[in-house]
Amino acid sequence: MGPKNITSPSENLQTLEFGEFLGPQSEYNEEEEERKYYRRKRLGVIKNVIAASVGAMIVYSVYMGLLQMQLILHYDVTYREVKYSNLGLEDIDHKMLMGINVTPIISLLYTPVLIRFLGTKWMMFLASGIYALFVSTNYWERYYTLVPSAVAIGVAIVPFWASLGNYITRMAQQYYEYVNYKEEHVQEQKKLPKGACHRYIIVFQSVFFIIFHLSFVFAEFPMCFVLNGYLHENEHTLCNVKYCGANISGIIPGFNTTVLTNLPRSMLLIMVESGLMGFAFLAMIIFLMLCGAAYRPTEEIDLRSIGWGNIFQLPFKHLRDYRLRLLCPFFIYSGFEMLFAVSGFSLSYGVCNLGLKKLWLLIVVYGLSCSVFSSLSLCLLRLPRWVCLVSGAVVHVVLLVALMVWSFPSKNPEYQGALLTISVLWGLGTALNKTGISTLLGMLYAEEKERLDFVYTIYHWWQAIAIFIVYLWSNLPMRAKLSILLATLLLASYCYWVMERRLAKDVRPRLPRIPRPRHKVKGYRYLEEDNSDESDSEKSEDDDEEHVVEEMVAEDREEGGQDAGAQGADSPTAWRRGAEVHRRRQQDAHVKEGEREEREGG
């Protein structure tokens, strides 16, 4: 008999442990692990929304706070003559404001191209860097530093806001996908069902504006804690101001040109600007490190691969959509009302009566009101979507009528309560307006993620044009300004009612066709079972007819003003046209092949 294999107990134990390690794990639950994975994905989306909101809030806190402090200092005659006597600061400020307000007019030409080329996240990061550049130029206030940086700000405003609107809506779509990851249309990356992610759009847009509107509060910190100690009392700054409100023309007629008791130390201003610069860099880091991508890598490739010419043209073609055309008055009013709140009302009604030292109080109350009342848009989870916009319009109509008839003598502290109340109510209207428009656009185009950047570009482009108009009307009588605001708001309300009525009647919007992506190089996403021995002409004969017919059908839909996908590919006219084009192409290919064979035989 042969020798027996005798193994020790320790070897048996090691073999058992090794087998358990390699064998199926009884404790592993695939469904539970998948659930945990998508829960982490959902938390990541929430982190992205909060990070983008905080980043935008910091950027605009720094930008508005620095711009306000800079304009007040440059307004003072003593400051200009002592520090920059031969520079012409007044002319520099005029050109700087012109650069900020005029440049966005051409933004419709380049914004979609920039967003598609850089990507949504990187566009937000780059724009925040341009705002940081504007802060850095204030260390050395010269024409060749302030004016170019102001023009750069004007270039970046519309891309920055279009990217933010697109980003928040995309996060809502992603959150829906991570919640319903087991659904077939999510796993196959098909178009979302109509209205599927509306509730997430409402919540995320509300969160964004609750956080962002705090920028009005933090922007007043330099004014409140630094500059207020250097300002004259009301008896000096308002000595020549007689009346405030609806009867005046311009901003504050008779306002004293010396507002500083003594000049702030240069080192103090450098410290303030350094602090603002640090926060500007913090916003850049937030966008870079904490904000995830808005699209998958393959989706980014598809968005760019439709051709740069098409990307350039599509914002103009989207204006065929009656929904956007009818919302344009609301877009314009959205730009009017916010700038009027921080410049027209706060100065011509507030500072004119309470003095420059109370400017920060009016803006802080307005910002807090905007932030708190932005949460009211959550009522759209239960109420119809028109409630938000219509409620904000009603509030502003009442306030505009009241302001048109309200004129009062200057330097009357008893009007402070009324002015603060109007600031609160105007903030209520602003909150409902801003959240209502952004939420409405997200809900209308929730299933068209390839159109979101074009839609938000159009919205913020019209808003930028409205801000430019406000910049031009600064010397008009106050009643003329209020009349323009009131007329625009009434027109916007009527157009919105027409839009909702058409949607209720199921009138199909005329959407431009998004071209199919054409990839120069086939990556892993686009590999097919190709026959390497097959020529290009032979390969095209198999599928050319299908592509031609689809293109003819799409052209028919575009010319007839129908929604993409509204009518099927079974149009007899399109099939006949496709078949004729296909036959002609086949005949041309055979003729060319015959000529090539004759030349080779000869």
Side-chain angles (χ1 to χ4, degrees), residues 24-54 115-116 119-122 124 163-208 211 286-287 289-305 377-378 380-382 385 438-453 455-456 514 516-517 519 523-528 564-565:
Q25 298 293 318
S26 58
E27 297 180 358
Y28 178 76
N29 188 332
E30 184 177 356
E31 185 175 348
E32 179 66 18
E33 292 299 323
E34 187 179 38
R35 189 181 64 81
K36 290 180 180 178
Y37 170 78
Y38 282 102
R39 184 178 62 184
R40 290 194 299 269
K41 285 288 189 179
R42 292 195 295 272
L43 292 175
V45 169
I46 295 173
K47 179 261 298 178
N48 292 341
V49 172
I50 294 176
S53 307
V54 172
I115 293 176
R116 296 264 171 134
T120 305
K121 170 189 172 179
W122 291 101
M124 295 189 299
S163 300
L164 280 172
N166 184 14
Y167 191 81
I168 299 299
T169 307
R170 278 294 299 141
M171 290 302 106
Q173 293 171 340
Q174 286 188 9
Y175 196 87
Y176 169 81
E177 293 172 357
Y178 296 146
V179 169
N180 301 277
Y181 60 90
K182 293 183 179 180
E183 299 292 334
E184 183 178 353
H185 63 272
V186 173
Q187 294 179 352
E188 297 180 2
Q189 298 183 18
K190 293 182 179 179
K191 185 180 291 188
L192 300 182
K194 189 171 181 60
C197 60
H198 286 185
R199 57 182 303 187
Y200 304 117
I201 292 174
I202 294 169
V203 173
F204 287 178
Q205 291 288 355
S206 299
V207 169
F208 171 77
I211 296 174
I286 288 174
F287 283 124
M289 305 296 294
L290 297 182
C291 290
Y295 294 91
R296 301 182 184 92
T298 52
E299 290 175 333
E300 293 273 9
I301 295 171
D302 287 345
L303 291 174
R304 296 189 189 103
S305 299
S377 63
L378 294 173
L380 297 182
L381 294 171
R382 299 291 182 185
R385 65 187 176 199
S438 295
T439 303
L440 177 64
L441 288 177
M443 293 168 71
L444 290 177
Y445 295 90
E447 295 79 35
E448 305 280 350
K449 61 184 176 183
E450 68 276 6
R451 303 182 189 273
L452 288 175
D453 50 349
V455 171
Y456 281 103
I514 302 291
R516 287 167 40 170
H519 307 279
Y524 68 92
R525 165 81 155 71
Y526 311 102
L527 288 177
E528 298 174 354

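- Put simply, the side chain of Tyr200 does not reach to within 4.5 Å of the side chain of Val45, judged on heavy atoms.
- For the salt bridge (charged side-chain N to carboxylate O under 4.0 Å, His left out) test, residues two or more places apart in sequence or in another chain that qualify with Lys449 are Glu299.
- For Leu43, there are no side chain to side chain contact (heavy atoms under 4.5 Å, CB included) partners, not counting sequence neighbours.
- Dense packing is recorded around CD of Glu32, with more than 12 heavy atoms of other residues, nucleotides or ligands lying under 6.0 Å away.
- Scanning for side chain to side chain contact (heavy atoms under 4.5 Å, CB included) contacts around Ala293 gives an empty result, with sequence neighbours left out.
- Within the model, atoms CZ of Phe208 and OH of Tyr167 stand 12.0 Å from one another, a figure rounded to the nearest 0.5 Å.
- Scored by the side chain to side chain contact (heavy atoms under 4.5 Å, CB included) test, Thr439 finds Ile201, Ile202, Gln205, Leu380, Met443 as partners (sequence neighbours excluded).
- Taking a 6.0 Å sphere around CZ of Arg199, one finds it holds 12 or fewer heavy atoms contributed by other residues, nucleotides or ligands.
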Checklist entry - Lys182 and Glu31: salt bridge (charged side-chain N to carboxylate O under 4.0 Å, His left out), yes or no, with the steps? => result CA-CA 11 Å; Lys182 293 183 179 180; Glu31 185 175 348; 3.3 Å; yes

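- In the model, Ser206 has a side-chain atom that pairs as donor or acceptor with a side-chain atom of Ser377 under 3.5 Å.
- The shortest side-chain heavy-atom distance between Thr120 and Asp453 does not fall under the 4.5 Å cut-off.
- Atoms NZ and CG, from Lys121 and Leu290 in turn, are 9.0 Å apart once rounded to the nearest 0.5 Å.
- A heavy-atom distance below 4.5 Å is not found between the side chains of Asn166 and Met124.
- In this structure, Glu34 does not pair ionically with Arg39, as no charged nitrogen and carboxylate oxygen lie closer than 4.0 Å.
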Could you go through residues 173-180 and list every donor-acceptor pair under 3.5 Å that involves a side-chain atom there, pairing it with any protein atom two or more places apart or in another chain?
{"from": "Gln173", "atom 1": "OE1", "to": "Arg170", "atom 2": "NH1", "distance (Å)": "2.6"}
{"from": "Gln173", "atom 1": "NE2", "to": "Ala446", "atom 2": "O", "distance (Å)": "2.4"}
{"from": "Gln174", "atom 1": "NE2", "to": "Ala294", "atom 2": "O", "distance (Å)": "2.9"}
{"from": "Tyr176", "atom 1": "OH", "to": "His185", "atom 2": "NE2", "distance (Å)": "3.1"}
{"from": "Glu177", "atom 1": "OE1", "to": "Arg296", "atom 2": "NH2", "distance (Å)": "3.2"}
{"from": "Asn180", "atom 1": "ND2", "to": "Tyr176", "atom 2": "O", "distance (Å)": "3.0"}

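- With sequence neighbours excluded, the residues forming a side chain to side chain contact (heavy atoms under 4.5 Å, CB included) with Arg40 are Lys36, Tyr37, listed by chain and number.
- A donor-acceptor pair is defined here as one N or O able to donate and one able to accept, closer than 3.5 Å; no such pair exists between the side chain of Asn48 and the backbone of Cys291.
- Looking at Leu381 and Val203, their side chains come closer than 4.5 Å, going by heavy atoms from C-beta outward.
- Thr169 and Tyr456 are linked by a side-chain donor-acceptor pair at a separation below 3.5 angstrom, with hydrogens and angles left out of the test.
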